[in-house]
Amino acid sequence: ATRTFLSLIDRQQSRVETRLPVEFGQRDAELKTNYSVNLSPGGLFVATDEIIPIDTSLSLRVAFPDNNRTLNCRGRVAWLNHPAAETKKPHLPTGMGIQFSQLATNQLNIVKGYLTASYV
């Protein structure tokens, strides 16, 4: 329980509001494009009307324009924010919370490097 609580605190503190181009979809050939609302080492929230069911596995491409790097990875739809959602968060637009799946160390370092630069 303590570990879960500390993990939750860490996640909340490391979430940064940021608008980054994000491509997402179930198949690489059919990716949709929109923008992130926030980002953390564990995932991101994407503003989109293209709602995909919870637990769906996705391909993701997140562009970090500050250093011309792109994160290509897999993710999972963790939660939805839309008018019919049980846990609607009024401060966020319609969209999806996407959890990163098994980031390699170099991929995680891209995200953490961006987040560190965003705090400065």
Test your reading of the model: is there a side-chain donor-acceptor pair from [X] to the backbone of [Y], 3.5 Å cut-off?
| X | Y | result |
| --- | --- | --- |
| Gln107 | Asn72 | yes |
| Ser36 | Thr18 | yes |
| Glu30 | Arg27 | no |

Tell me the side chain to side chain donor-acceptor pair (under 3.5 Å) pairs involving residues 44-55, sequence neighbours left out?
Asp55-Arg76
Less than 4.5 Å apart, side chain to side chain, heavy atoms only: is that true for [X] and [Y]?
| X | Y | result |
| --- | --- | --- |
| Asn81 | Met96 | no |
| Leu60 | Phe100 | yes |
| Leu115 | Leu39 | yes |
| Phe24 | Leu44 | no |
| Lys89 | Phe45 | no |

Heavy-atom pair with the smallest gap, counting every atom of [X] and [Y]:
| X | Y | result |
| --- | --- | --- |
| Leu103 | Cys73 | CD2-CB, 3.6 Å |
| Ala47 | Pro93 | CB-CG, 3.8 Å |
| Ser59 | Asp28 | OG-OD1, 2.7 Å |
| Val77 | Pro53 | CB-O, 3.5 Å |
| Ile51 | Gly95 | CD1-O, 3.8 Å |

Exactly one of Leu92, Leu20, Val46 clears side chain to side chain contact (heavy atoms under 4.5 Å, CB included) with Asn38, and that residue is Leu92
Hits for side-chain contact (heavy atoms from CB on, under 4.5 Å) against Ser57, two or more places apart or cross-chain, chain-then-number order -> Arg74
How many angstroms lie between atom OG1 of Thr70 and atom CD of Glu23, to the nearest 0.5 angstrom?
8.5 Å
With rounding to the nearest 0.5 angstrom, report the CD1 to CD1 distance, Ile98 to Ile52.
7.0 Å
Shared hydrophobic cluster for Val62 and Val16 (ILVMFWY, side-chain gaps under 4.5 Å):
yes
Determine, stepwise, if the pair Gln26 / Leu58 fulfils side-chain contact (heavy atoms from CB on, under 4.5 Å).
CA-CA 5 Å; Gln26 292 175 267; Leu58 302 174; 4.0 Å; yes
